[in-house]
Amino acid sequence: MTGEAVIVDHGRLRAAAARILAAAGAAPADAAAVADHLVEANLAGHDSHGVGMIPQYVRAIRSGALDPRAHAAIEDRGGAVLAADGRRGFGQVVAREAIAAAVPRARALGVALLALRNASHVGRVGAYAEQAAAAGLASVHFVNVVGHAPLAAPFGGRDARLGTNPVCIAVPRAGRPPLLLDMATSAVALGKARVAMNRGERMANGLLLDGAGQPTTDPGVMWREPRGALLPLGLHKGYGLALACELLAGALGGGGTISTVPREPDRIGNNMLSLLLDPARLPGAGGLEAEVEAALAHVKASPPADPARPVLVAGEPEEMARATRRTTGIAIERATWEELRAAAASVGTELAGG
């Protein structure tokens with residue numbers, strides 16, 4: 001333990017997470033898959049989407065908002081189009097199953113369009129872009145959030161009307177991790193506010209509104225009534241993207257939007273519209289590898305504003321975090337560790353250490 005953090009080896013954390021989820025009702029293989037996804041998010045530096053989500057998942061299972069035994073029902077809509085009903089299963093399970101079904105369609109036709117609806121929290125969307133990239137495919141993903149109170153304010157608004165609605169884009173690279181852009185359309189993800197609150201930290205200006213619609217740096221406003229709101233990324237631009245996600249993933253995908261799907265205690269529902277592309281079918285295929293590397297080298301050659309912080313491209317901060325955390329361990333803030341311990345106890349198991 002360092003300060004208020006508990007340092008945990010990623011292997012030990014995977015085992016502990018899987019044990020809690022299995023005790024909550026998940027099949028062992030699914031518990032392991034969800035645990036792997038969560039710990040990989042921690043390793044990538046995205047603690048907001050890591051094991052700190054487990055208490056929420058346990059509550060959702062106990063209330064019936066999440067079915068820990070559900071799997072995706074794949075629907076062939078003809079041509080390049082597939083749909084999948086997540087049946088309120090673990091998002092990390094049903095989204096991976098849906099992408100796995102779309103990969104051969106993209107290889108056969110050059111493109112596949114996948115509409116996943118009725119999934120529980122899918123976690124780090126970049127994991128599904130990485131899954132597609134491992135099959136040699138580029139991909140674009142739009143996600144909306146339903147069944148949950150809104151979190152993000154529209155540009156110019158004073159209260160929350162939308163979810164954090166992620167956008168993710170990935171381009172495969174030969175022999176290297178893909179270029180991976182994975183971002184919330186809010187200025188910050190809710191999970192990052194949770195991490196900051198649990199650490200007793202303030203957040204930067206320009207990220208939050210309090211319950212009265214006034215700017216604040218206190219992340220606790222997202223858990224007090226009247227609730228605060230996250231501000232959109234890039235002012236009107238992030239707001240526009242968030243609304244586009246709402247319509248593409250929710251309205252077109254058939255899972256509904258935050259304005260029409262009833263809210264339920266403990267539910268985080270996700271819909272995801274994914275476009276998978278086979279680079280081999282496109283005109284740039286012959287020179288793709290060289291073109292991608294030249295483009296990335298070009299932007300990275302910009303003289304850094306801070307000499308200690310070189311210019312990076314999307315996906316590199318996560319690779320750097322993985323390299324460090326695999327060696328040094330994952331720091332779990334004390335409040336999150338105690339929440340995990342309580343979640344374990346609530347399903348009849350225990351979280352040792354710390």
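Sequential numbering from 1 along the given sequence is applied to the chain's residues.
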### R322/E318 under salt bridge (charged side-chain N to carboxylate O under 4.0 Å, His left out): CA gap, chis, key distance, verdict
CA-CA 6 Å; R322 288 185 184 106; E318 289 81 0; over 6 Å; no
#### Entry: D67/R87 under salt bridge (charged side-chain N to carboxylate O under 4.0 Å, His left out): CA gap, chis, key distance, verdict
CA-CA 8 Å; D67 181 351; R87 296 173 168 174; over 6 Å; no
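A100 approaches P104 most closely through the heavy-atom pair O-CD, 3.1 Å. For A41 against H49, the heavy-atom pair with the smallest separation is CB-O, 3.4 Å. Taking both residues in full, the closest heavy atoms of A23 and T349 are given as CB-CG2, 4.1 Å, listed atom of the first, atom of the second, then distance.
Paired with C168 under the rule side chain to side chain contact (heavy atoms under 4.5 Å, CB included), one option of V143, V140, L180 passes, and it is L180.
Salt-bridge formation is detected for the pair R224/D218: a Lys NZ or Arg NE/NH1/NH2 atom is positioned less than 4.0 Å from an Asp or Glu carboxylate oxygen. A salt bridge between R124 and E130 is present, with a side-chain N of the basic residue lying under 4.0 Å from a carboxylate O of the acidic one.
Using a 4.5 Å heavy-atom cutoff, the side chains of R267 and H121 are not in contact.
To the nearest 0.5 Å, atoms CG (D47) and CZ (R325) are separated by 4.0 Å.
Residues Q92 and Y128 bring no donor and acceptor atom of their side chains to less than 3.5 Å of each other.
The environment of R173 atom CZ is dense: over 12 non-hydrogen atoms of other residues, nucleotides or ligands sit within 6.0 angstrom.
Under the 6.0 Å cut-off for aromatic ring centres, H71 and F90 do not qualify, their centroids lying 6.0 Å or more apart.
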